[in-house]
**Student:** 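Have a look at this one.
Whatever order the structure lists ligands and atoms in, that order sets their numbers, starting from 1.
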Amino acid sequence: MTYLLALDQGTSSSRSIVFDEQGRSVAQAQLELTQIYPRPGWVEHDPLEIWRTQLATARAALHQAGIAASAVRAVGITNQRETTVLWNRKTGQPVHHAIVWQDRRSEPACAQLRAQGHGAAIQARTGLLIDAYFSGSKLQWLLDHVPGARAQAERGELAFGTVDSWLMWNLTHGQLHATDVSNAARSMLFDVHENRWDDALLALLRIPRSLLPEVLPSSAHFGDTAPDLLGHGIRIGGVAGDQQSALFGQACFGAGMTKNTYGTGCFMLMHLGARFQTSQNGLLTTSAAQIAPTPVAGAGPTAPERAYALEGSVFVAGAVVQWLRDGLRAIAHSGEVEALARSVPDAGGVLLVPAFTGLGAPYWKPDARGTITGLTRGSTLAHIARAALESIAYQSAALLQAMGRDAAAAGAAPVHELRVDGGACANDLLMQFQADLLGIPVLRPAVIETTALGAAYLAGLSSGVYRSTHEIAQLWRAERRFEPSLDSARAQELMANWERAVRQTTA
Ligand SMILES: Nc1ncnc2c1ncn2[C@@H]1O[C@H](COP(=O)(O)OP(=O)(O)O)[C@@H](O)[C@H]1O
Ligand SMILES: O=P(O)(O)OC[C@H](O)CO
């Protein structure tokens with residue numbers, strides 16, 4: 001039997017999963033990661049803890065699987081994206097904590113870039129809207145604020161990387177400084193058309209080129225793990241940012257195929273195929289995982305096939321269930337929300353907009369705050385719980401509608417199904433309501449660890465376990481299919497009520 005090992009380094013935990021070649025999970029291990037909040041709006045991780053926990057879970061997963069490292073054909077890495085690490089090339093020590101993707105400290109620098117009118121050019125080159133979310137302005141902040149960092153960087157003594165690069169550096173004892181296109185695409189420093197770092201953007205943000213990792217396709221032979229770490233040198237065969245990895249793990253390979261991950265927030269990605277398109281509806285364009293085409297004898301080396309996706313995120317999704325639990329104390333565990341919500345036939349006209357931290361795509365209302373509307377004397381906690389669950393589906397439906405408008409503008413066909421994953425997709429009531437609102441089937445796969453699975457597939461492709469994405473698509477199985485059961489006029493009416501409630505979140 002051939003195995004693949006996926007390292008999934010997420011915001012809240014480090015996890016490792018051993019998959020067999022059929023894409024079935026054989027063993028997994030997970031360790032929580034400390035969240036560091038030095039000031040309001042700042043979020044950091046300790047890079048040494050990231051590495052330590054990731055290595056420990058990889059060893060534990062191999063141990064649990066009862067297999068030798070030599071039985072693992074390749075390692076795939078997937079990671080929280082944008083989180084920025086800067087370290088010393090000689091000592092391997094980070095010069096500062098990692099600045100996490102949620103951290104807003106570089107917003108003033110971004111506001112300046114916007115005011116200087118760089119928005120349109122940056123969007124055309126990188127697919128991104130200028131924001132502190134991306135790693136470019138975080139790296140600029142580190143160079144400007146860590147004493148001596150800029151001088152050291154200019155002498156070529158430092159290395160920058162997102163978490164994938166940091167893990168590869170450590171997995172190879174400092175022999176490998178690399179990343180993949182899907183991670184590079186989240187830096188606001190990368191030309192996603194040419195697949196290379198953009199000199200003009202590097203100059204604009206004053207980033208020395210010597211800091212940057214080499215960029216490879218997402219499925220490639222990146223290097224080999226140092227033999228002492230896992231008991232055997234294993235090929236690192238695949239790397240992708242976690243959302244693009246989930247898109248891959250969901251076997252969304254063609255234009256229009258779409259997945260939504262229901263975690264703390266939601267991340268929805270729609271594959272665009274090889275065609276780059278900027279959004280007119282407040283969405284991001286990002287590089288999807290890219291693989292080299294099947295080599296043709298005598299044709300020489302081939303460039304990876306371009307692959308792009310539209311992306312939108314909902315800031316508060318599963319987090320609204322946590323608020324019901326911790327804020328309202330309506331439930332003791334997240335999983336109990338479904339029974340509470342089912343205890344009433346519908347939300348009884350209650351609408352809850354969880355704009356706790358403003359609203360993201362497609363609304364972009366940073367000043368919005370949460371509202372509950374439609375309360376009557378008969379409203380109960382159960383109606384509020386149901387409205388909270390429904391808010392996850394409404395926000396996701398608004399995202400998909402925005403993607404649909406972009407797709408239609410490009411002459412593409414409407415999305416015909418939605419593939420789902422993430423912790424909250426276990427909620428049948430939520431998934432059914434999602435299908436009802438969207439008017440298309442919602443498909444929950446047999447393996448919901450799609451993020452890790454995507455990395456395993458990427459590693460398997462470059463190491464000969466799979467010959468093509470077609471073969472991988474054959475492995476995808478739905479565990480449950482939620483068919484829409486609401487007539488479309490009623491669904492439209494519900495969406496119109498929702499949009500009215502969204503308008504009430506700001507004066
Ligand atoms: N049965 C459920 N119904 C609704 N939400 C749930 C359910 N189970 C878990 N959640 C929510 O899902 C989120 C956890 O999902 P997960 O994919 O682990 O998130 P993340 O990767 O963002 O940490 C939490 O916000 C939790 O409240
Ligand atoms: O680690 P997650 O699952 O919260 O994902 C984080 C995203 O990659 C941020 O862009």
**Student:** Counting heavy atoms only, which part of A424 comes closer than 4.0 Å to ligand 1: side chain, backbone, both or neither?
**Tutor:**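 The part of A424 near ligand 1 is both the backbone and the side chain.
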
**Student:** Is a side-chain donor or acceptor of S182 paired with a backbone partner of A289 at a separation under 3.5 angstrom?
**Tutor:** no

**Student:** Closest by any non-hydrogen atom to atom 3 (N) of ligand 1: pick that one out of D326, V320, N427.
**Tutor:** N427

**Student:** Starting from atom 14 (C) of ligand 1, which protein heavy atom do you reach first, and at what distance in Å?
**Tutor:**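 For atom 14 (C) of ligand 1, the nearest protein heavy atom is G423 CA, 4.3 Å.
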
**Student:** Under 4.0 Å from ligand 1, counting heavy atoms only, is it the side chain of A319, its backbone, both or neither?
**Tutor:**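 Answer for A319: backbone.
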
**Student:** In ligand 1, which numbered atoms sit nearer than 4.0 Å to a non-hydrogen atom of G422?
**Tutor:** 17 (O)

**Student:** Strictly inside 4.0 angstrom of atom 27 (O) of ligand 1, do you find any protein heavy atom?
**Tutor:**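 There is a protein heavy atom less than 4.0 Å from atom 27 (O) of ligand 1.
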
**Student:** Should the pair E44-R105 be classified as a salt bridge under the 4.0 Å nitrogen-to-oxygen rule?
**Tutor:**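 A salt bridge is present here (some side-chain N lies under 4.0 Å from a carboxylate O).
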
**Student:** Please list, in number order, the atoms of ligand 1 under 4.0 Å from a heavy atom of S12.
**Tutor:** 23 (O)

**Student:** Would a search of protein heavy atoms around atom 21 (O) of ligand 1 find one under 4.0 Å away?
**Tutor:** no

**Student:** Under 3.5 Å between some N or O of ligand 1 and some N or O of G318?
**Tutor:** yes

**Student:** So, does S16 use its side chain to make a donor-acceptor pair with the main chain of A58 at under 3.5 Å?
**Tutor:** yes

**Student:** Purely on distance, is any nitrogen or oxygen of L389 under 3.5 Å from one on ligand 1?
**Tutor:**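 So ligand 1 has no N or O lying under 3.5 Å from an N or O of L389.
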
**Student:** Hey, is the main chain of S218 close enough, under 3.5 Å, to the side chain of Q290 for a donor-acceptor pair?
**Tutor:**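 Not at all, since once roles are kept as given, no pair shorter than 3.5 Å links the two residues.
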
**Student:** In terms of atom number and element, which parts of ligand 1 are under 4.0 angstrom from non-hydrogen atoms of T264?
**Tutor:**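 By the 4.0 Å cutoff, the relevant atoms are 19 (O), 20 (P), 22 (O), 23 (O), 25 (O).
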
**Student:** Side chain, backbone, both or neither: which part of T11 has a heavy atom under 4.0 Å from ligand 1?
**Tutor:** neither

**Student:** Answer yes or no: is there an ion pair linking R81 with E311, defined by an N-O contact shorter than 4.0 Å?
**Tutor:**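 Looking at E311 together with R81, the answer is yes, because their closest N to O distance falls below 4.0 Å.
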
**Student:** Only one of T286, T162, T126, T83 passes side chain to side chain donor-acceptor pair (under 3.5 Å) with R186; say which it is.
**Tutor:** T286

**Student:** For the residue pair W197 and F190, does the interplanar ring angle fall in the parallel (under 30°), tilted (30 to 60°) or perpendicular (over 60°) class?
**Tutor:**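 It falls in the perpendicular class, over 60°.
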
**Student:** Decide, yes or no, whether a salt bridge links E479 with R477 under the criterion of side-chain N to carboxylate O below 4.0 Å.
**Tutor:** no

**Student:** For atom 13 (C) of ligand 1, find the nearest protein heavy atom and state the residue, atom name and distance (0.1 Å precision).
**Tutor:** G263 C, 3.9 Å

**Student:** Could you tell me if the side chain of T450 sits less than 4.5 Å from the side chain of K259, heavy atoms only?
**Tutor:** no

**Student:** Please list, in number order, the atoms of ligand 1 under 4.0 Å from a heavy atom of G335.
**Tutor:** 1 (N)

**Student:** Taking R125 first and then D198, would you say they form a salt bridge - that is, a charged N and a carboxylate O separated by under 4.0 Å?
**Tutor:** yes

**Student:** I need the atoms of ligand 1 closer than 4.0 Å to a non-hydrogen atom of V337, numbered in the order shown.
**Tutor:** 3 (N), 4 (C)

**Student:** Would the distance check show the side chain of W101 and the main-chain N or O of Q80 forming a donor-acceptor pair, the cut-off being under 3.5 Å?
**Tutor:** no

**Student:** Show the protein residues that qualify under the rule heavy atom under 4.0 Å from an atom of ligand 2, listing them in chain and number order.
**Tutor:** G10, T11, Q80, R81, E82, W101, Y133, D242, Q243, F267

**Student:** When you compare the side chain of L458 with that of F248, does any pair of heavy atoms fall below 4.5 Å?
**Tutor:** yes

**Student:** Can you tell whether the side chains of E49 and R52 come within less than 4.0 Å, N to carboxylate O?
**Tutor:**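 No, no charged N to carboxylate O under 4.0 Å.
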
**Student:** Is there a heavy atom in Q322 that sits closer than 4.0 Å to ligand 1?
**Tutor:**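 In this structure, Q322 qualifies as a contact of ligand 1 - some heavy atom is under 4.0 Å.
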
**Student:** Which residue owns the protein heavy atom closest to atom 9 (C) of ligand 1, what's the atom, and how far is it?
**Tutor:**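 That would be S334 CB, 3.8 Å.
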
**Student:** Parallel, tilted or perpendicular, judged at 30° and 60°: which one describes the rings of Y308 and H193?
**Tutor:** tilted

